[in-house]
Amino acid sequence: MKLLKIGISIFTMLILFSANAQKNESKKPNIIVVLADDVGVGDISKYRRLHSPKIIVETPNIDKLAEGGMMFTNAHAPASLCATSRYSIMTGNYNFRSPLPWGVWSGYAPGVFTNETLTLGRLMQKADYNTAFIGKWHLGTRFKDKTNPEKLYELKRGKALNLNVDITSIADGGPMQNGFDYSFTLPSGIQNEPYSAYENDKWFPLHEKSLIGLIDAAYCNRLGFELDKKEGLGDSMWNPSEIGPLIANKAVNYIKGNANKNKPFFMYYCSQAVHTPHTAPEELDGIKVRGTTPSKHLDMVKELDIQMKMMIDELKAQGIYENTVFIFTSDNGGLHTDGDTWNARHEPSDIYRGCKNDPYEGGSRVPFIVSWPGKVKAATKANQPVLGTDILATIASISGVNLESNQALDSYNLVPVLEQPKKAKTRPFVIIQGGSGKEGMIVKDGWKLIIQFEKKDKTDKTRTPIALFDLKNNIWEHEELNQINNSKYKKKVTSLLKLYNETRDNGIATRKNI
């Protein structure tokens with residue numbers, strides 16, 4: 001009888017173990033998307049090693065992420081500038097589908113999303129995930145008007161100070177209005193007004209003595225850095241060197257608080273690194289940062305890598321790293337180097353021409369890494385062309401959400417590539433937007449056409465092809481090999497321009513199966 005009871009007990013345990021194993025196996029993975037700020041492929045040592053043995057600053061934690069998953073070697077940001085690129089990543093749409101398709105937006109600008117716009121947050125809410133946004137928003141936020149609290153403040157452009165705005169809370173247009181259950185938000189990152197942080201739409205005082213005050217050039221000079229953009233209202237204890245540690249710890253705490261809950265979580269983490277002002281912290285996670293590399297810019301690269309370490313360490317501590325999809329990329333190509341970075345011979349754009357805000361490869365080439373233990377084979381590379389827009393369709397597939405025909409029009413599901421990197425195909429052509437110079441780029445079959453737009457780009461008559469490069473043989477885009485005026489390639493220019501115009505002006509969706 002005793003042996004029978006033991007046998008029944010073991011059998012029961014096996015059933016429970018099997019049930020739990022099946023439950024864990026079928027559980028949707030947590031998903032973390034990390035968007036670095038102004039990081040080029042040359043800033044990540046794993047990418048830099050593809051072309052050069054000389055590494056100035058190592059990024060061991062991001063490298064390990066790549067070594068444990070898939071590294072895309074032909075990845076681009078949707079645009080060579082921040083805000084426009086962030087719109088495309090958030091919606092899966094090309095920039096020209098935005099109501100504000102150009103430029104960089106103020107923290108007081110109207111938002112670019114309607115209540116019907118599918119965003120990363122709304123998608124993952126639909127998938128029954130807990131959702132969080134942490135970091136730089138830069139997609140427009142609205143605040144109340146001090147002179148009339150019933151109205152939203154209207155942005156004053158130019159040199160005029162925006163002083164009649166109540167920055168004690170976000171009234172509209174922020175993450176919480178666009179699909180995120182929790183948010184810790186910097187409306188304009190560390191570089192522009194308002195110089196303040198918000199937790200769940202409420203002003204988050206940085207110190208006990210914090211008040212709302214004016215952040216001007218003199219204030220910044222006293223702290224030892226230059227004001228990057230405009231003077232404006234903010235936290236009276238504002239110090240950009242403290243922001244990276246703050247948001248990194250918010251991310252760690254979010255992981256800790258949402259691990260192993262009934263619902264999986266989705267976190268969209270938008271780092272402040274490596275945008276100017278380059279003010280790295282003294283240390284982060286017990287590791288000294290400031291002054292440990294050849295330049296302030298490279299200090300920020302090191303800080304970014306430590307931020308990734310902190311999140312990965314917490315995932316492992318909570319026992320959920322194996323069931324978490326981790327995507328790492330950047331909003332645009334790397335920065336034009338400062339003197340110290342240049343003297344150290346660090347190349348943010350790696351071998352590519354140009355940098356942030358340029359129409360050349362260096363303006364949009366970015367790292368793109370996907371880690372998914374047990375699902376994505378470790379240490380794999382994929383050379384298919386991918387864009388930041390593809391994040392939305394990819395996580396929709398992973399989380400089991402079907403996209404409607406009018407959603408994420410330019411987002412390709414990368415799961416087939418993750419499963420079979422050598423066989424799967426992505427988009428037949430790529431459209432990328434340049435920067436403030438108003439250029440557009442289309443790349444098909446290795447041929448890249450750069451198109452110059454007039455100030456008011458309304459029809460195909462306002463677009464002029466200015467460069468044609470054969471990237472298969474001229475990845476560096478050497479100007480002497482610009483074929484735009486070569487009669488031999490006139491048909492190539494005409495066909496690429498036609499494809500661009502048709503895609504843009506006819507509203508054609510480019511996502512497969514639409």
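Residue indices begin at 1 and follow the sequence shown.
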Counterpart residues, side chain to side chain contact (heavy atoms under 4.5 Å, CB included), relative to T91 (two or more places apart): Y87, N93, F113, T117

Around atom NZ of K229, are there more than 12 heavy atoms of other residues, nucleotides or ligands at under 6.0 Å? yes

Between Y254 and F265, is the ring centre distance below 6.0 Å? yes

Between T59 and S45, do the side chains contain a donor N or O and an acceptor N or O under 3.5 Å apart? yes

Of all residues at least two apart in sequence or in a different chain, which pass the salt bridge (Lys or Arg N to Asp or Glu O under 4.0 Å) check with E242? none

Indicate yes or no for a side-chain donor-acceptor contact from T380 to the backbone of K377 under 3.5 Å, with no hydrogens or angles considered. yes

Rounded to the nearest 0.5 angstrom, the NZ-CE distance for K296 and M300 is 11.5 Å

Pairs touching residues 73-94 that satisfy salt bridge (Lys or Arg N to Asp or Glu O under 4.0 Å), sequence neighbours left out: D37-R86, R86-D331

Just checking, is any N or O donor in the side chain of S271 or Y269 under 3.5 Å from an acceptor N or O on the other one? no

Under the side chain to side chain donor-acceptor pair (under 3.5 Å) definition, can you give me all pairs with a residue in residues 175-184, not counting sequence neighbours? R122-N178, Q125-D181, T131-D181, Q177-D201, Y182-E199, S183-T185

For residues F133 and Y268, establish whether the separation of their ring centroids is below 6.0 Å. yes

Residues forming a salt bridge (Lys or Arg N to Asp or Glu O under 4.0 Å) with E58, sequence neighbours excluded: R49

Flag yes if more than 12 heavy atoms outside K448 fall under 6.0 Å of its NZ atom; otherwise flag no. yes

Between K356 and D38, does at least one N-O distance fall below 4.0 Å, as a salt bridge requires? yes

Any side-chain donor-acceptor pair under 3.5 Å between N332 and S80? no

Residue list, side-chain hydrogen bond (donor to acceptor under 3.5 Å, both in side chains) with Y500, at least two apart or on another chain: R504

Within 6.0 angstrom of K202 NZ, more than 12 heavy atoms from elsewhere: no

Applying side-chain hydrogen bond (donor to acceptor under 3.5 Å, both in side chains) to S98 and not counting sequence neighbours gives none

Salt-bridge test for K288 and E283: reply yes if a basic N is under 4.0 Å from a carboxylate O, no otherwise. no

Would D390 and R427 count as a salt bridge (charged side-chain N to carboxylate O under 4.0 Å, His left out) here? Give the steps. CA-CA 10 Å; D390 297 334; R427 56 187 71 244; 2.2 Å; yes

Could you pull out all residues at least two apart from R142 that satisfy side-chain hydrogen bond (donor to acceptor under 3.5 Å, both in side chains)? E154

Taking only residues at least two apart or on different chains, which pairs with a member in residues 366-397 satisfy ring-ring contact (aromatic ring centres under 6.0 Å, His included)? F72-F368

Counterpart residues, side-chain hydrogen bond (donor to acceptor under 3.5 Å, both in side chains), relative to S364 (two or more places apart): H76

Salt bridge check: are D350 and R48 linked by an N-O gap of less than 4.0 Å? yes

Give me each pair satisfying salt bridge (Lys or Arg N to Asp or Glu O under 4.0 Å) with a member in residues 407-426, each pair once, sequence neighbours excluded. R97-D410

Salt bridge (Lys or Arg N to Asp or Glu O under 4.0 Å): which pairs involve residues 257-270, sequence neighbours left out? D128-K263

